[in-house]
Amino acid sequence: MKLTQGLLFTIAAAFAATASAETLEIGALPAADSAVLYVAEAEGLFQKEGLDVKVVPFKSALEIGAAMRAGRLDGHFGDLMNVFTQNETGIKQKVVLTTTHTHPEQRCFGMLVSSKVKKYEKLGDLNETSTAMSSSTIIDYLLDRMKETESLPAGAVKNLEVKQIPIRLQMLQSGQVETAMLPEPLVTLVEQKGGRVLWNDSKLDEALAIVALKAAYTDEKTVSSFRRAVAAAAKLMEEKPDTYRPLMVKKGLLPPPLANSYKMVRFSMFGTADGLPPLPTAEEVRRVGEWMVQKKMIKAVPAYEDVVAP
């Protein structure tokens, strides 16, 4: 078939643009909602928007923070705490989208008690109870929010530092720790194995998981393209949830025992124009920032426009 000169030029230009595009490496944690990044990558949705994106798996927020500081990543899936800390230490970045926001119809994080422990049936039973968690992360913040909203006494929970999510799960299931804070779908997994959920975050009003890009990539064109790709992936996941279960299992986001039964994460319950959960509000930035200042994690609450891309 003979190609016209114009068509050849178009193909050559498209190839050149793809070949010269800088690869954006985005760190991701083993949480159910990070699947939206893997789906966007697998379905070529980033490429459709003119972006070359590689999703890089990590086991903990601590590891992602180190990779960001070392210049190995251009952005990450995580929480506001990591963004605020890195900004204050010179790794300038902004939140470009939210993957998880609390909603009454969907829990995201929970405090669980092992099936091997019988003495805790409700939060009021906790008394200097060891809880596997990760300090300076959304887990730490949610623990304090739980204590605040549930009016728990100061000595009810005793934090036990376990950074890596898979190890935290293993310690809970083996009875090495009495309770643990975990994200979905691990909350569901523990529940199905006889564990109990003492508390979950569904009654809060918080942007819990976000994606942030380094300042060099927070121009309007890149941010808009990135959001469109992820929004398209979120729509695909809601329209055809079973299609992406194997991908989630492969990427370590969905334990094989839950491959067919897990209630897939949803994104479009908030009435936003693109179907993604809303960005963090100024009030959330202030609340999280003040909590971090109190914990001596940062020196000052950041300005909203410095940490969230419009």
Side-chain angles (χ1 to χ4, degrees), residues 28-39 55 57-61 63 77-79 99-123 125-126 129-134 137-140 142-143 146 157 159-204 208-209 237-238 241-267:
L29 293 171
D33 53 325
S34 69
V36 74
L37 295 174
Y38 289 104
V39 170
V55 184
F58 286 83
K59 292 182 179 179
S60 73
E63 293 172 358
F77 165 95
D79 54 46
T99 59
T100 293
H101 194 289
T102 56
H103 192 280
E105 297 177 12
Q106 180 170 273
R107 68 187 180 192
C108 307
F109 290 86
M111 172 182 264
L112 296 117
V113 60
S114 167
S115 60
K116 299 179 183 299
V117 177
K118 305 301 181 185
K119 59 182 176 179
Y120 302 123
E121 295 293 338
K122 58 185 185 300
L123 282 179
D125 296 333
L126 301 178
T129 303
S130 294
T131 298
M133 49 78 73
S134 177
T137 67
I138 192 66
I139 289 291
D140 193 3
L142 286 174
L143 263 175
M146 180 191 76
V157 174
N159 293 357
L160 177 66
E161 186 72 33
V162 184
K163 287 293 185 189
Q164 292 193 5
I165 295 171
I167 295 177
R168 207 182 307 155
L169 172 66
Q170 183 181 15
M171 288 179 69
L172 180 73
Q173 290 180 314
S174 65
Q176 291 176 267
V177 66
E178 294 176 304
T179 62
M181 288 286 287
L182 291 168
E184 284 287 8
L186 300 184
V187 176
T188 297
L189 178 66
V190 173
E191 200 172 31
Q192 287 192 0
K193 289 182 176 293
R196 299 180 300 285
V197 181
L198 298 181
W199 176 87
N200 70 69
D201 57 7
S202 60
K203 293 181 181 178
L204 300 180
L208 299 182
M237 286 183 67
E238 291 201 15
D242 291 343
T243 301
Y244 300 105
R245 292 179 185 274
L247 177 63
M248 291 179 69
V249 171
K250 179 181 178 182
K251 298 298 182 180
L253 314 182
L254 187 60
L258 296 181
N260 297 319
S261 61
Y262 175 63
K263 184 179 178 182
M264 291 286 276
V265 62
R266 293 172 59 206
F267 303 90

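Quick note: residue numbers are just sequence positions, from 1.
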[X] side chain near [Y] side chain, heavy-atom distance below 4.5 Å:
| X | Y | value |
| --- | --- | --- |
| T137 | D79 | yes |
| M171 | L169 | no |
| F58 | P30 | no |
| R168 | I139 | yes |
| S261 | Q192 | yes |

Taking only distance into account, with no hydrogens and no angle test, what donor-acceptor pairs under 3.5 Å do side-chain atoms of residues 248-260 form with protein atoms, sequence neighbours excluded?
none

Salt bridge (Lys or Arg N to Asp or Glu O under 4.0 Å) with [X]: which residues, sequence neighbours excluded?
| X | result |
| --- | --- |
| R107 | E184, E191 |
| E63 | none |
| K122 | D125 |

Exercise for the section: Let me see the working for V197 and V113 under side-chain contact (heavy atoms from CB on, under 4.5 Å), right down to the final yes or no. Expected result: CA-CA 7 Å; V197 181; V113 60; over 6 Å; no
Would you find a donor on one side and an acceptor on the other, under 3.5 Å apart, between the side chain of [X] and the backbone of [Y]?
| X | Y | value |
| --- | --- | --- |
| R266 | E238 | no |
| K203 | N200 | no |
| R196 | V190 | no |
| S34 | L29 | yes |

Exercise for the section: Any chance you could lay out the side-chain contact (heavy atoms from CB on, under 4.5 Å) test for Q173 and L189, step after step, and finish with the verdict? Expected result: CA-CA 10 Å; Q173 290 180 314; L189 178 66; 4.2 Å; yes
Straight-line distance of [X] [atom1] to [Y] [atom2], nearest 0.5 Å:
| X | Y | atom1 | atom2 | value |
| --- | --- | --- | --- | --- |
| S134 | K163 | OG | NZ | 3.5 Å |
| D242 | R245 | CG | CZ | 4.5 Å |
| M146 | W199 | CE | CH2 | 6.5 Å |
| D33 | M264 | CG | CE | 11.5 Å |
| L112 | K193 | CG | NZ | 13.5 Å |

Handout entry: Residues which pass side-chain hydrogen bond (donor to acceptor under 3.5 Å, both in side chains) with N159, listed by chain and number, not counting sequence neighbours
Key =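 Partners of N159 by the side-chain hydrogen bond (donor to acceptor under 3.5 Å, both in side chains) criterion come out as none, since no residue qualifies.
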Nearest heavy-atom pair of [X] and [Y]: which atoms, and what distance?
| X | Y | answer |
| --- | --- | --- |
| V187 | F109 | CG2-C, 4.3 Å |
| C108 | H101 | SG-O, 4.4 Å |
| F77 | A28 | CB-CA, 4.0 Å |
| L172 | L182 | CD2-CD1, 4.1 Å |
| P183 | I165 | CD-CG2, 4.2 Å |
| P185 | A32 | CD-CB, 3.6 Å |

Exercise for the section: Using only heavy-atom distances, determine whether the side chains of D201 and T102 contain a donor-acceptor pair under 3.5 Å. Expected result: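 Per modelled atom types, D201 and T102 side chains form no pair under 3.5 Å.
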Problem - Q170 atom CD, over 12 foreign heavy atoms within 6.0 Å - result: no
Handout entry: NZ (K59) with more than 12 external heavy atoms under 6.0 Å
Key = no
Problem - side-chain contact (heavy atoms from CB on, under 4.5 Å) assessment of L142 paired with M133 - result: CA-CA 10 Å; L142 286 174; M133 49 78 73; over 6 Å; no
Exercise for the section: State which residues pass side-chain contact (heavy atoms from CB on, under 4.5 Å) with T129; sequence neighbours excluded, sorted by chain then number. Expected result: Y120, L126, E178, T179
Exercise for the section: Dump the intermediate steps for side-chain contact (heavy atoms from CB on, under 4.5 Å) on V162 and V177, then the final yes or no. Expected result: CA-CA 10 Å; V162 184; V177 66; over 6 Å; no
